[in-house]
Amino acid sequence: LSRRTADAVVIGAGILGAATAYELADAGRRVVVLERHVPNREGSGTTAGNLHIQAIHTRRPGQPIPADSRRFLPLQLAASRLWSDLEARLDADLELRRGGGFMVAETPEQVQELTDKNKMEAEFDLSTEVLDGDQARAELPLLSNTVLAASWCDLDGYANPLLVTPAYLAAARRRGAAVHGFSPVTTIARDAGGWLVGTPQTTWHTPTVINTAGPWISQVAALAGIGLEMNPVAIQMHVTTRIRPVMRHLVQHIGEGLSVKQVSAGHVLIGGGWPAQRLDLVGRSAPSPRSVAGNLWRAARILPFLADLHLLRVWAGPLAATPDELPVIGEVPGAPGFFVAGGTYAFTLAPLWSVVLRGLIAGREPGVRIDDLGPDRLCGRPVTGGHPEERQG
Amino acid sequence: VRGTEIKIFVDGAEVSAVDGQSLAGALHSTGRRVLRRNLVTGEPRAPFCGMGVCFECEVLVDGVASRACMVHVRPGMAVTTRSAVQRPVVAPSTEGSLAEDPYGPTLHCDVAVVGGGPAGLYAALRLAGSGARVVLLEEAEALGGQYFKRRQGQVLATYGEHRPEGGDLIAAVRAAGVHCRPGNAVWGAEPDGRTLLTYDRSGRTRSVTARAILVATGAYERSLPFPGWQLPGVVTPGYALHLATCDRVPVGRRAIVAGSGPFLLPVSCALLEVGVDVVAVAELHRPYAPSLAGLRTMRHPARLREFLTYRAYLARHRVPLLQGCRVGSASGAGALEWVRLARARDGGVVERDFEVDTLAVGYGFRPAVELAGLLGVECVAGPGGDLVPRTDGAGRTSTGHVYVAGEAAGIAGVHAARARAEVAAAAIAADLGLPGAGPASVASRRRARRHERFAALTTRLYPVPDSLVTGVPDATLICRCEGVTAGQIRAAAGTGLQDRNGVKGVTRAGMGPCQGRECAPAVAALTDPASPAVDPTPFSGRMPIKPVPMRVALGALADTLSPDSSLVDGDWS
């Protein structure tokens, strides 16, 4: 068992871990990323790849507490600016595309919601437009006649989630970061001037630990004796066989769980946060047939051409949700140097959260307001969810 | 072929076909080999596997994307190759909600047997005899599987049964009261693991809930990548055999049959019978040279007699049987023209080029374990490295109510499939407490053991070394669907951060319509030395087991949508 030092240890090589490793390495820090399996395998690699810039749909199917879309909006806008030059910064093709996005309404109540949403977006200087059904269909003739109105935002987009995390990691490595796959963290202990983070191979001494373990955030925190309450769930995605390019937009629904877009390879990706059978934190979560039917039906109702394609694959992945459906980012109170980042919409927000962490670790003020998003609100619960056998290391 | 020819329409042109032929065979007999272009590389592609695995023969049949090898010709059938269909967008209905049971109606039974090949048929017959209510589900339009694949229509009327015992067996199964559902594919399962989701060609969904499920999904051919294997004219031996026996269509004029395994010999004989000039049979190993292992075949006189019959037939037609011979490459402008065979001799390698229009190449078979995987059955690496379900010897698996028999339980041939089916049927009857339950006969258990020994011997005589894959040049296409090369896979694996699933993610290898069935083992072989797999499953047993029409996945909810709302299906133009 060797003992080594690092300026920062990032736990979990999903998009948040990879992006944070990149930013810290870019700032000249010696960064180590510890990944229990392989990078980008869980939530970050199974997500839809949407860049959500217009205010979000607030309730995925089965979600008990709606998300606070007003609270998310400034974060989305800050992230949007960072996505714009990400391909140049990482020197990589991410299949990044801003084709714009529709959020559709099918009932008068939903139309009213779109109008209210539009007013809120204006407050944050986000330019969106509410089109009536015919105007929306003029823009995207594939939309069905059931669409009464659609909110349009030309900043909505897509980046390939299978490319973004690997690109962040590659750029981090070029800046000297060490990325270790197959390296589960089994111990975390306080030590003079920082933390000892142990894997079966190595113990790392570091002043800074960044917990970006997604659905395992609670378990990793528990290793450090920190009780942190998360509420991870498993959701599923659907993809059709390839067709020629027919749409460049992201299509979402204001009242129901739905997101549809055609990706660069020609497949149409259909999601909307529909629940998988159950969250499996050991193996792979299995998709639910009920959710297949429910999600695809909504997709085919809004975009009828989908009904005549073929369904190629369905997969499920974890979503590191919090009990209050807000992101979590910041230093754990009473645990100096121990940072956490997670929550929903992490794909869209990853460029932002990595820059915020870079600033926090350097002792700078974050450029966006995050004082209400810290882990303190999730702390104070008894330490649960850790693996006692793993804690012995 | 005698009898009235039927007319079908191909890209608008009227074309003659023979009733009973598969659409792939009918198109092949008119010289239409190339049915589509690959969407990534733009290369012309032609039917490859002939058994519904590779999706290289996907065309539009009456506007529905269909595999030409899986449907029989019907008068007036309208076939569209390579192009997109444009139809007007019609407003959908807004009625409907999330139905309680979108994939119904549900049929309840004692045993659902999945797969209408030898194992499924023998097991269904035995189970029905024990008093079970049995539903037999088969993806193809006719029962029989690959081994008992029957001629149909006028081909049958003209040439008779190819394997009469298959027709007799199917008749016996029907007579025993088994509820047979050919043309019904299983594409998923409910979370209870007992309810199978099925659909038929018209897109109608039904589900089958069973007290026990017998997975008899058989096998598909083991294809290995080499430079040029995607060229039209390169096919699996199984597809060449299907064309010769069931469609009575010669796969080409001049052919080489290559790869490894005893299957190459009957395929070569069948090609000769329909007039194909078989230039050579090229076997990777030297199983027919005197050896200790070869001597063991003496213990299986029936198999030995079969082998000698084939060899005599090949000798009569002066077909050279080249042993120790590997396919180096295939080449040609848009279609196969040259095959390069390589043979080790005197410490070096001697290469020789053959001018042929057909290369039938395969390396034995792989168990089809996707359904077993979907139902949570634990699989382990079997002989030859392919995943096989772990069983107790009587077909019981790690999932209590799921059983497996036939090739899906490990490659062992049709005789073993029958013996295993009988043993598994006895196990199911006993476990369900069926009225006619009784232990499997000593004879059938002994037969099963003898066939397992023969299968083990075959595996030893025809091993498939990883070096066949790991040695291919970087430019070799590995994933036919997504156009991913060996070099791209090696680069992704070389980062040391990806296992085979990660390599799939960054290269797209295995993400096409065949869902990795053709390339996943090759991706694993190229990846794992650099980064051992976290999850050894080459591709997940997930729904949909094969790509399904969206209306199938929508289930009952599809009825609430307008019936004709399509824009595109199949290809892009």
Side-chain angles (χ1 to χ4, degrees), chain A residues 13 35 37-41 45 106 141-146 161-163 166 169-170 173 179-182 238-246 265-267 277-278 283-284 286-290 292-294 296-297 299-316, chain B residues 39-40 63-65 84 87 89-94 96 98-99 102-103 188-191 197 482 495-499 501-502 505-506 508 511-513 515 531-532 534-535 540 542-544 547-558 560-562 565-573:
Chain A
E35 162 57 47
H37 282 164
V38 300
N40 208 38
R41 171 56 49 79
E106 289 183 292
L142 299 173
L143 287 173
S144 75
N145 288 346
T146 66
L162 297 174
L163 299 179
L169 287 175
R173 290 171 109 187
V179 184
H180 298 283
F182 311 101
H238 316 75
V239 65
T240 70
T241 47
R242 270 175 206 266
I243 55 168
R244 65 187 171 81
V246 297
H267 309 272
Q277 284 182 31
R278 74 192 74 81
R284 301 297 279 175
S288 148
R290 290 284 175 283
V292 170
L296 297 186
W297 179 66
R301 209 178 61 215
I302 300 301
L303 292 160
F305 79 97
L306 292 172
D308 287 317
L309 303 185
H310 272 59
L311 177 64
L312 174 61
R313 271 178 289 127
V314 180
W315 66 87
Chain B
L39 298 177
V40 182
V64 178
R87 278 185 275 165
V89 177
V90 175
S93 130
T94 55
L98 182 51
Y103 303 124
E190 292 285 0
L197 308 177
E482 296 291 317
T495 63
L497 284 175
Q498 302 292 348
D499 67 354
N501 281 303
V506 296
R508 306 193 58 82
M511 285 197 174
Q515 297 173 324
S531 322
V534 172
D535 172 8
S540 331
R542 278 195 303 224
M543 63 186 289
V548 293
M550 198 71 109
R551 286 180 186 278
V552 167
L554 288 164
L557 294 172
T560 69
L561 298 169
S562 153
S565 56
S566 70
L567 172 74
V568 277
D569 199 356
D571 290 354
W572 40 23
S573 42

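We name chains A, B, ... by the order of the sequence lines, and we start the count at 1 in each one. Fair warning: this is a prediction, and the values are worked out from it, not measured in the lab.
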K.L.:
Do you know which of A:V314, A:N40, A:V179 has the most heavy-atom pairs under 4.5 Å to chain B?
P.N.:
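If we count pairs closer than 4.5 Å to chain B, A:V314 comes out on top.
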K.L.:
Would you say that A:V292 contacts A:L311 through its side chain, given a criterion of any heavy-atom pair below 4.5 Å between the two side chains?
P.N.:
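A:V292 vs A:L311: side chains touch.
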K.L.:
Is a donor from one side chain sitting under 3.5 angstrom from an acceptor on the other, for A:E106 and A:T146?
P.N.:
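A donor-acceptor contact under 3.5 Å links the two side chains.
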K.L.:
May I ask you to name which of A:H238, A:E35, A:Q277, A:H180 has the most heavy-atom pairs under 4.5 Å with chain B?
P.N.:
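Looking at each option in turn, the highest pair count goes to A:Q277.
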K.L.:
Of all residues at least two apart in sequence or in a different chain, which pass the side chain to side chain contact (heavy atoms under 4.5 Å, CB included) check with B:R508?
P.N.:
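With sequence neighbours excluded, B:R508 shows a side chain to side chain contact (heavy atoms under 4.5 Å, CB included) to A:R242, A:A265, A:H267, B:E482, B:M511, given in chain and number order.
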K.L.:
Pick one of side chain, backbone, both or neither for A:R173, based on which atoms fall under 4.5 Å of a heavy atom in chain B.
P.N.:
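Interface part for A:R173: side chain.
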K.L.:
By side chain to side chain contact (heavy atoms under 4.5 Å, CB included), which residues pair with B:V506, not counting sequence neighbours?
P.N.:
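Residues passing side chain to side chain contact (heavy atoms under 4.5 Å, CB included) with B:V506: A:P166, B:A492, B:Q498.
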K.L.:
Taking A:L169, A:L312, A:V239, A:L163 one by one, which has the highest count of heavy-atom pairs under 4.5 Å against chain B?
P.N.:
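Counting heavy-atom pairs under 4.5 Å, the top option is A:L312.
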K.L.:
Quick one: what part of A:T240 sits under 4.5 Å from any heavy atom of chain B, side chain, backbone, both or neither?
P.N.:
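The side chain, not the backbone.
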K.L.:
Taking the side chain as everything from C-beta on, heavy atoms only, tell me whether B:R542 gets closer than 4.5 Å to B:Q515.
P.N.:
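B:R542 vs B:Q515: side chains apart.
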